[in-house]
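Just so it is clear: chains get the letters A, B, ... in the order the sequence lines come, proteins before strands, and each one is counted from 1.
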Amino acid sequence: CTSIVAEDKSGKLYHARNLDFGLFLGWDIKNSSWIITQELKPLVVTLDFQRNNKTVFKSTNFAGYVGMVSGIKPGIFTLTMNERFSLDGGYIGIFEWILGRRDGMWMGFLTRTVLENGTSYQEAKDQLVKTRLLAPAYFILGGNKSGEGCVITRSRQAALDIWDLDANGGTWYVVETNYDRWKAPLVLDDRRTPAMKCMNQTKQENISLPTIYDVLSTKPILNKLTVCTTLMEVSEGRSESYLRECIGSCSPW
Amino acid sequence: VLAEDPFGEDCRSKTYPPAGPTFKGTVPTYIINLDLPPSRRWDKLLSDKKIELKTVIQSIKNIANAFVPSGKAVEIVDTKLVRLISTLPYPFNEELKGIANASGIPLGEIVLFNIFYEIFTV
């Protein structure tokens, strides 16, 4: 996955992501694609969660999955989640759960709870930082005011790092793929460098959902695992999702 | 750096609105009514998407069978994972039961689909 939160010169916040999934889950030789990635595409839906006929939040989801991987609380915050791979992974959390240790929270349930019940950027951030989890993750959170944007690097137990937007200090965007920001990404899977290069080339004065879509359409940020691209703009409550295809000479991940 | 990546390319521009070979389609929108009981919230969506969901879950089971040819992995999904449902918090436990009912897919397989993220972080 690749998630980006960016702030334009007027302080408006944009949040977008490529949802990549299906690595090593069967390769279709005939169509040169990942089997699960292709099969997930018809399951992608935009969900408008309503109470009293009013939108509480919207998400881009797989039908049948009750957790959230991308969502927007209009006017308040946006949230995406990227996978974080670790030996201390979710399978340990599941074993602990089965054995009776149930003080951690399932990833998708936490993101769903935050989107459903969160009332502010700061409250959402606090919950994502402090809640004990079954699996490690990156939470990418955007707000509705200048400086409200961050990448939270989570182990199962704690927040290892919080990388905040600071447009005045030169950090007008944050990009997260599937690697800790203080470590170099795997040489064979460096989507971070091209994403940052394209964001820098775009420049803050030109940032918008269309120009972020350009970044997310550039290989290898767009790759054989990319299921869909989601674009969100919190102040207007705008959320758009598009199914993607990477054909021809494309990175397999 | 991009030049060194065999799959890299120059930064794209003017790709929006989405069109062309990298765009595979738009995404349908569904309303999930939180005023309904959790077991009924997903009925319409799963009525429309049950075939696609069955296809994905069958592929996951096929892959599991390839790794564990004895069929033990799939047996665990069908018999053990279903027991996990009683330990999951409300309203998610009820929603998963509702999805299983609406789609006709065994509950253990719906649980598997919903804990996929946790499993694949290793």
*Taking all non-hydrogen atoms of both residues, which atom of A:Ile94 and which atom of B:Ile115 are closest, and how far apart?*
CD1-CD1, 4.2 Å
*Compare every heavy atom of A:Pro42 with every heavy atom of B:Lys49, then report the nearest pair and how far apart it is.*
NZ-O, 2.7 Å
*Nearest-0.5 Å distance that lies between atom CG in A:Leu222 and atom OG1 in B:Thr22*: 6.0 Å
*Inter-residue atom distance A:Glu240.CD - B:Thr26.OG1, 0.5 Å rounding*: 11.0 Å
_Atom CG of A:Leu99: over 12 foreign heavy atoms under 6.0 Å_ = yes
_A:Leu231 versus chain B, the contacting section by heavy-atom distance below 4.5 Å_ = side chain
*Heavy-atom distance under 4.5 Å between the side chains of B:Val56 and A:Phe62, does that happen here?*
no
*A:Ser217 versus B:Thr15, closest heavy-atom pair with distance*: OG-OG1, 3.7 Å
_Residue among A:Val187, A:Leu40, A:Asp214 with most heavy-atom pairs under 4.5 Å to chain B_ = A:Asp214
*asked:* On a heavy-atom basis, which atom in B:Gly8 and which in A:Pro220 lie closest, and how many Å separate them?
replied: CA-CD, 4.1 Å
*chain A contact via B:Arg83 - side chain, backbone, both or neither, heavy atoms under 4.5 Å*: neither
*If you look at every heavy atom in B:Ser59 and A:Ile36, which pair is closest and at what distance?*
CB-CD1, 3.7 Å
*Side chain from CB out, backbone as N, CA, C, O: work out which of these in A:Lys58 comes under 4.5 Å of a heavy atom of chain B, or both, or neither.*
neither
*Measure A:Asn178 against the heavy atoms of chain B and call it side chain, backbone, both or neither at under 4.5 Å.*
neither
*asked:* Looking at A:Glu245 and B:Pro21, would you say the former's side chain and the latter's main chain have a donor-acceptor pair under 3.5 Å?
replied: no
*Best-contacting candidate, A:Ile35, A:Ile247, A:Leu133, against chain B by heavy atom pairs under 4.5 angstrom*: A:Ile247
*asked:* Would you say that more than 12 heavy atoms from the other residues, nucleotides or ligands in this model lie under 6.0 Å from the CG of B:Asp35, or not?
replied: yes
_Side chain, backbone, both or neither of A:Arg102 within contact of chain B (heavy atoms, under 4.5 Å)_ = side chain
*Is there a side-chain contact between A:Trp106 and B:Leu88 (heavy atoms, below 4.5 Å)?*
yes
*Carefully, step by step, assess A:Tyr65 and B:Phe116 under the rule ring-ring contact (aromatic ring centres under 6.0 Å, His included).*
CA-CA 10 Å; A:Tyr65 184 71; B:Phe116 222 55; 9.5 Å; no
*A:Glu39 side, atom CD; B:Gln58 side, atom CD - distance, nearest 0.5 Å*: 9.5 Å
*Take atom CZ of B:Arg40 as the centre, draw a 6.0 Å sphere, and report whether it contains more than 12 heavy atoms from other residues, nucleotides or ligands.*
no
*Would you mind checking which part of A:Asn200 comes under 4.5 Å of any heavy atom in chain B, side chain (CB onward), backbone (N, CA, C, O), both or neither?*
neither
*Interface residue of largest heavy-atom contact number with chain B, from A:Ser251, A:Cys228, A:Cys246, under 4.5 Å*: A:Ser251
_Backbone N/O of A:Lys219 and side chain of B:Glu9: donor-acceptor pair under 3.5 Å_ = yes
*Return the option, out of B:Ile110, B:Thr87, B:Leu46, with the maximum number of heavy-atom pairs under 4.5 Å with chain A.*
B:Thr87
*Pick whichever of B:Phe92, B:Phe113, B:Phe23, B:Tyr30 has the most heavy-atom pairs under 4.5 Å with chain A.*
B:Phe92
*A:Phe109 CZ to B:Glu95 CD distance, which is reported to the nearest 0.5 Å*: 8.5 Å
*asked:* Does any backbone or side-chain atom of A:Arg191 lie under 4.5 Å from a heavy atom of chain B? Answer side chain, backbone, both or neither.
replied: neither
_Less than 4.5 Å to any heavy atom of chain B: does that hold for the side chain of A:Gln201, its backbone, both, or neither?_
side chain
_Please identify, among A:Thr229, A:Val44, A:Leu216, the residue contributing the most non-hydrogen atom pairs under 4.5 Å to chain B._
A:Val44
*Heavy atoms only, distances under 4.5 angstrom: which of B:Leu36, B:Leu53, B:Ile99 has the most pairs with chain A? Name it, please.*
B:Leu53
*Measuring heavy-atom distances to chain B, does A:Leu47 have an atom under 4.5 Å in its side chain, in its backbone, in both, or in neither?*
both
*Could you state the interatomic distance from OG1 (A:Thr211) to CZ (B:Arg12), rounded to the nearest 0.5 Å?*
14.5 Å
*If you round to the nearest 0.5 Å, how far is CG of B:Leu84 from CD1 of A:Ile98?*
5.5 Å
*Can you say whether B:Lys80 sits under 4.5 Å from chain A via the side chain, the backbone, both, or neither, judging by heavy atoms?*
neither
*Go through A:Gly108, A:Pro210, A:Ala137 and name the one with the most non-hydrogen pairs under 4.5 angstrom from chain B.*
A:Pro210
*asked:* For the interface with chain B, which of A:Gly93, A:Cys250, A:Ala195 has the highest count of heavy-atom pairs at distances below 4.5 Å?
replied: A:Cys250
*asked:* Contact between B:Asp48 and A:Val45 at the side-chain level, heavy atoms closer than 4.5 Å - yes or no?
replied: no
*Is chain A contacted by the side chain of B:Ile105, its backbone, both, or neither, given a heavy-atom distance below 4.5 Å?*
neither
*Answer with side chain, backbone, both or neither: which region of B:Ile31 has an atom nearer than 4.5 Å to a non-hydrogen atom of chain A?*
both
*asked:* Could you tell me if the side chain of B:Asp5 sits less than 4.5 Å from the side chain of A:Asp190, heavy atoms only?
replied: no
*B:Ile63 versus chain A, the contacting section by heavy-atom distance below 4.5 Å*: side chain
*Could you check if a side-chain atom of B:Glu118 sits within less than 4.5 angstrom of a side-chain atom of A:Trp97, using non-hydrogen atoms only?*
no
*Would you say A:Asp48's side chain and B:Thr29's backbone share a donor-acceptor pair under 3.5 angstrom?*
no
_Criterion side chain to side chain contact (heavy atoms under 4.5 Å, CB included) on B:Phe7 and A:Lys224, from CA distance to verdict_ = CA-CA 11 Å; B:Phe7 299 109; A:Lys224 291 280 186 189; over 6 Å; no
